A.B. asks: 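Could you have a look at this structure, given as structure tokens, before my questions?
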Amino acid sequence: MANNQKNYDFHKESHTEPLEINMGPSHPATHGTVKFYLTLDGETIKDIDVEIGYLHRAFEKECELQHWSGIFPYTDRLDYTAGVLNNVGYALAVEKLIGIETPERCKYIRVIASEMGRLSGHYTNLAACAMELGALTAFLYFVEAREYLWDLIESFCGARLTHNYIRIGGLTSDLPDEFPESTEVVFKKNEKLYDDFAKLLLKNRIFLDRMRDTGGISAELAKEWGFSGPCLRACGVPFDVRKSEPYLVYDKLDFEIPIGSTGDNFDRFLVRMDEIKQSIRIIRQCLKQIPDGPINVDDPMWRQPSKDDINSDMESMIFHFKNVIEGQKVPEGEVYHAIEACNGELGFYLVSNGSGSPVKCRVRPPSFPMTSALPIMVKGSLLADLIPTFDMINLIGGECDR
Amino acid sequence: MEKQTIGKSLDSAAGMNNQKNIENNKNNSSVVINRVTDKFSDSKLIIYAHSLLGDDTIVVQPAEIINVMQFLRYDKLLTFDMMIDLTVVDYLGNQQIHPYLSDLRARFEVVYHLYSIDKNHRLRVKAPLMEENAFINSITGIWGGANWFEREAWDLYGIVFQGHPNLRRILLYEEFEGHPLRKEYSKTKRQPLIGPRN
Amino acid sequence: MIGVVDLIEVLVKIGFIVVLLVGVFAPVLTWVERKQSAVMQDRIGANRADVFGFRIIGLLHAAADAIKLIFKEDFIPRGADRTLHTLAPIMALIPAILAFSVIPFGGTYTFGDREVNLVIANLDVGVLFVFAITSLATYGVFIAGWSSNNNWALLGGLRASAQMFSYEVTMGLTIIGLVMFYQSLSMVEIVAKQDIFWHWGIIWHWPAFILFLACAVAENKRIPFDAPEAESELVAGYFTEYSGLKFVMFWTAEFIEIVTISALCVVLFFGGHHIPFIADAKLIDCFSSLGANIANLVAMVIGVTVFVSKLAIIIFLQMTIRWTMPRFRYDQIMKLGWKMILPLSLIWIFVVGLGMLTNLIPRI
Amino acid sequence: MAITVKKVDRNVDMTLWERMYIPEMICGMLITWRHFFLNFVGLFLEEVGGKHYRRIATVYYPEEMPIVPVAYRGRPVLVRSKNGIEKCVACGLCEAACPPNCISIIGGERPNGDRYPDSYVLDGSRCIFCGFCEEVCPKEAIVMSHDWKNLCEYNRSKMVYTKKELLYPERNLQKRFDVLRDKYFSAYRYRQSPNLKTEPKE
């Protein structure tokens, strides 16, 4: 009796076959456009095939046909929850290729703008995760916080989402005069909403049971699969590009990197929650230390001449025409520069042949390798665990499919 | 740079910049490159190495990519445990950027960016490929993360990665003809319309 | 042959309940859900629908929704079983309304020689009847999931039936402590015995109240027990393929069930129509100056308003839970139901039994 | 600089207080009720008192318009100077700089020799409001107005703006010009001259 009990194959006998479902590109949980082809055994996921590419807009092909300075509106649309972060990444890569250095004030403003982009990215991601788990009020508290932040960004960029604020060699415009005061007002409101959000969720047993020990990954596997950003820090690996390779003025600012211990969804959630605090802290320090002075590099080749110069002398007028029509002549060579975006390391690999437009403008998308590792994290767990895991990887269609 | 320098022609300014980088390559090439070059010094595996603009780069024979990568991954001093990025560059008509491209008659170049978390240094490994035999061994065995990057390189550039678990298109639909990021694929090219799949 | 007057009396009561439930409460609850959640989430909420310029802070949205959904196309997907697809919402709606027939929404008042008892069916197995009827709703939900030929709906239907089935068991058990306390299954008697504030169910049975509320919310598939219709996991659960009038039926069934659950809580735990420290008799004779009949009438009106206001408070509580809590995972719901609430309710029955033996708990 | 690392507390061993669901639910409800009653009082006071009592973040859209900051990039418009003619000299720089190529100009010459755009077509359905045209224009002839209301039409051909729809009187754009001249394109944005503040701002 005992041995035939052992080789009794339940599935073969009870003729159950797995249920194949297309969790298709327009499913409410895939709030980016991505499709999961799931084979379910009851509710547990036996196999999952992730299919991306629904938001592929041929970013690289477009960049190869565009001038160096014309690419900025395209970089806004990469990680569209934090537009200005991608601008900063691209601008730093091009400046590294050219070999120019922007003045001190411009570096501080770029740090402020990119930290605000990170805040907006984290607000969006954490709000979406709360909504996917049913806590709609918590979702709206963070969307409201993001709303105030976007009004702030709009006051110096001019647009809420497509910021297009950074240029090669500097910025489009300086910060408005009453910017520090309005920032303080917004941060006070956001901190209150942050506490409400944290009180609603972080001690709540239902939320803890849903997020803890689901979608975990070990540190070695995370490194092997190219994880970076909050998901890698949640595994306990303190890798943050702002700390390991300080760019702009991050070495003058003191801030901490939150790291988790087990690498499951709850750690990723907490790491992002704490990074919001750190970003606010960084922006406050920057607003205190920001020096006065010019915001563009003084090298006439690499920045927009001012209207006074154009009207006053002939040379800069000719130079301006040549730059706009043929594009700025970036010297020959190749460069790779990485910055810390919301989801991880956002790298730009540029190859130039000295003409006005790039030979290759490659974006290293942080969420691309993490989505490829989704089957490892989710296979064998329940269908309901796929939702928080997919949220915490924070796949942004624009950045992953380019 | 006072104002009168604008008068000088633009190309010289670009040329001057490049000149400055090539000299500094001779004297203080970085620790990583020294370690790699003296490991593979016997076989002429390393074609070229430079650290222009601060990025350490080595160019290797495409046939030997596997054991170079294995060495880089499992060597005690280098420990490149993260494969940050894998991409392909199409140098059709731009061979003059890198000297070795023209004498190898190479058109494509598969570019790997590696990073080591504990040692905090980066390396760019490049493998030039000729147009007719555009294939290279897949490194999914060493880093699992390379799986999707290689599928994307196949999808957009048409580089075959031998030994890849399931090399199929990732960003474009299966019935897409051609590889869009190649230089000869013009922007205004249209695809044949396909009916609904099922 | 029942007398004509009795027939009219019962019809008036049924009319009152149906109008109160389907006509007033269900639409108002849709507005309450929108407006309350809006103000809770720092936004404005429904305020657009207006008739001749009167907005009444968005109340007309309920009417607008109803009319819109009635005129929407009633879509039956290809490959769906037509008859079952249309039958399912009816089977989900009817039990919710029927359960209200046993609930006394007022006391017994004498008009002239007639004795009027404000309950439609004065069954002496009222509590049993309610649980029997609400378990019928499971069929409606399951058939809806199975018959709409959609994977998500099937998963939703499976989850819903498993959840409703397992929470009926626990809901019944949580009430047994109360029934032992009042020694009767008839709703009218339970309410009659709660005329003194200290004999209210909540005073002696507040743990049972918490367990009962949890089971009731699970029975009604509202957040946090939202797995069957979790929009993030199963698109819309069992009513994915429903639109138009059939969707309205499912929606009203859900809201009516909220009202039924609140009514059950009010009747079993919060003393039905009684005002805390004023017994019915005292209420009637303090209006006796207006004459016997009118005093009874006034007392009846006050009784019903007290009942409805208690109902509103409990509904408001349920709505707040709806907007504060995240959602359980499906297997956690099952674990909670069978491994936590069931043992707790059994222990509670034992405690009540012990209490009554050593008459720590007074015998009424 | 040493990497200052902060361990995230995972609140692993939940106190009995948290292991039961009810206490957390109650304190969660307290938060949502606080928001509810504060907003409810705010709405009531707003009916009685005035708008500044409002705590709610959203706006009654058609009746109240959201206030738009000065730097806002709305619809690009051609500036019509005080004497009624446009400032644009049809140099074609905006046409070259526009990423989605939605501007097309045909230049012409007036009898007294100065150039003017014979036809200036801006395809509103392709415009991404990036502000490049405003940046590169040497004559400050095209500027991003604060115009964002009812820009969309039912068919695309209506969204193609010709010169007639694009011309905008200069006096309405004065605020935008002040910001442009001060924050965007003034010379002291990049010259390392010591006395920055005293740099003459034309």
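It should be emphasised that the depicted structure is a prediction, and the values quoted were computed from it without experimental measurement.
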A.B. asks: Atom CZ of residue position D:R171 - does it have more than 12 heavy atoms of other residues, nucleotides or ligands inside 6.0 Å?
C.D. replies: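 No, CZ of D:R171 has 12 or fewer neighbouring heavy atoms, counting only those of other groups under 6.0 Å.
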
A.B. asks: Chain A heavy atoms under 4.5 Å from D:C98: which part of the residue, side chain, backbone, both or neither?
C.D. replies: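 Neither part, no heavy atoms under 4.5 Å.
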
A.B. asks: Find the one option among A:A138, A:P176, A:A159, A:A135 whose heavy-atom pairs under 4.5 Å with chain D are most numerous.
C.D. replies: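 Result: the option with the highest number of such pairs is A:P176.
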
A.B. asks: Going through the distances and angles, do D:Y72 and A:S155 end up as a side-chain contact (heavy atoms from CB on, under 4.5 Å)?
C.D. replies: CA-CA 7 Å; D:Y72 187 76; A:S155 70; over 6 Å; no

A.B. asks: Just by distance, do the side chain of A:H320 and the backbone of D:P138 share a donor-acceptor pair under 3.5 Å?
C.D. replies: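 No, A:H320 side chain to D:P138 backbone: no donor-acceptor pair under 3.5 Å.
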
A.B. asks: Could you check whether atom OH of D:Y60 has more than 12 heavy atoms from other residues, nucleotides or ligands sitting under 6.0 Å from it?
C.D. replies: yes

A.B. asks: How close do A:D209 and D:Y21 get, counting heavy atoms only, and between which atoms?
C.D. replies: OD2-OH, 3.8 Å

A.B. asks: Write down the atom of A:L200, the atom of D:I31, and the distance for their closest heavy-atom approach.
C.D. replies: N-CD1, 4.1 Å

A.B. asks: Return the minimal non-hydrogen interatomic distance between A:Y74 and D:P99, and the atom names on each side.
C.D. replies: OH-O, 4.1 Å

A.B. asks: Grab the two heavy atoms, one from A:E154 and one from D:P69, that are nearest each other, plus how far apart they are.
C.D. replies: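 Where A:E154 meets D:P69 most closely, the heavy atoms are OE1-CD, 3.5 Å.
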
A.B. asks: Do D:F129 and A:T162 have side-chain heavy atoms sitting under 4.5 Å apart?
C.D. replies: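 Result no, sub-4.5 Å side-chain heavy-atom pair not found.
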
A.B. asks: Can you tell me how far the CE atom of D:M25 sits from the CD1 atom of A:I206, to the nearest 0.5 Å?
C.D. replies: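 Answer for the CE-CD1 pair, D:M25 versus A:I206, is 7.5 Å.
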
A.B. asks: Where do D:H35 and A:L193 come nearest, in terms of heavy atoms and distance?
C.D. replies: CE1-CD2, 4.2 Å

A.B. asks: Pick from A:G158, A:P246, A:S261: which one has the most heavy-atom pairs with chain D under 4.5 Å?
C.D. replies: A:G158

A.B. asks: Out of A:D274, A:I325, A:L65, A:I310, return the one with the most heavy atom pairs under 4.5 angstrom to chain D.
C.D. replies: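 Among A:D274, A:I325, A:L65, A:I310, the one with the most close pairs to chain D is A:D274.
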
A.B. asks: So which of D:M144, D:R34, D:E95 has the biggest tally of heavy-atom pairs under 4.5 Å with chain A?
C.D. replies: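 Among D:M144, D:R34, D:E95, the one with the most close pairs to chain A is D:R34.
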
A.B. asks: Relative to chain D, which segment of A:Q278 carries a heavy atom at a distance below 4.5 Å: side chain, backbone, both, or neither?
C.D. replies: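 Side chain only.
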
A.B. asks: D:C130, D:G28, D:G131: which one forms the most heavy-atom pairs within less than 4.5 Å of chain A?
C.D. replies: D:C130

A.B. asks: At what distance, to the nearest 0.5 angstrom, does CG of A:D196 lie from CG of D:L30?
C.D. replies: 11.5 Å

A.B. asks: Given heavy-atom pairs under 4.5 angstrom as the criterion, report whether the side chain, backbone, both or neither of A:D76 touches chain D.
C.D. replies: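 Contact with chain D is absent: no heavy atom of A:D76 under 4.5 Å.
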
A.B. asks: Under 3.5 Å, side chain of A:R205 to main-chain N/O of D:I22, donor-acceptor pair present?
C.D. replies: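 No, because the side chain of A:R205 does not come within donor-acceptor range (under 3.5 Å) of the backbone of D:I22.
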
A.B. asks: Would you say that A:P73 contacts D:F132 through its side chain, given a criterion of any heavy-atom pair below 4.5 Å between the two side chains?
C.D. replies: yes

A.B. asks: Residues two or more places apart in sequence or in another chain: which of them pass side chain to side chain contact (heavy atoms under 4.5 Å, CB included) with D:N155?
C.D. replies: D:S157, D:K158

A.B. asks: Chain D heavy atoms under 4.5 Å from A:R242: which part of the residue, side chain, backbone, both or neither?
C.D. replies: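 Contact with chain D involves no heavy atom of A:R242 at all.
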
A.B. asks: Under the rule for side-chain hydrogen bond (donor to acceptor under 3.5 Å, both in side chains), what residues qualify as partners of A:Y148, not counting sequence neighbours?
C.D. replies: A:E144

A.B. asks: Can you list everything that forms a side-chain hydrogen bond (donor to acceptor under 3.5 Å, both in side chains) with D:S125? Sequence neighbours excluded, please.
C.D. replies: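 Result, side-chain hydrogen bond (donor to acceptor under 3.5 Å, both in side chains) vs D:S125: D:D123.
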
A.B. asks: Measure the CG-OG1 distance between A:L140 and D:T58 for me, rounded to the nearest 0.5 Å.
C.D. replies: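 Answer for the CG-OG1 pair, A:L140 versus D:T58, is 10.0 Å.
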
A.B. asks: Using non-hydrogen atoms and a 4.5 Å limit, figure out which bit of A:S69 sits close to chain D: side chain, backbone, both or neither.
C.D. replies: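 Only the backbone of A:S69 comes within 4.5 Å of chain D.
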
A.B. asks: Count the heavy atoms belonging to other residues, nucleotides or ligands that lie under 6.0 Å from NZ of D:K139, then report whether that count exceeds 12.
C.D. replies: no

A.B. asks: If contact means a heavy atom pair closer than 4.5 Å, which residues of residues 164-171 of chain A contact chain D?
C.D. replies: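 The stretch touches chain D at A:N164, A:R167.
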
A.B. asks: Which atoms of A:D264 come close to chain D, meaning under 4.5 Å heavy atom to heavy atom: side chain ones, backbone ones, both, or neither?
C.D. replies: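 The side chain, not the backbone.
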
A.B. asks: Does a side-chain heavy-atom distance below 4.5 Å link A:F321 with D:V136?
C.D. replies: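 Side-chain contact under 4.5 Å: no.
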
A.B. asks: Looking at D:R156, I'd like to know if its CZ atom is crowded, meaning that more than 12 non-hydrogen atoms belonging to other residues, nucleotides or ligands lie closer than 6.0 Å.
C.D. replies: no

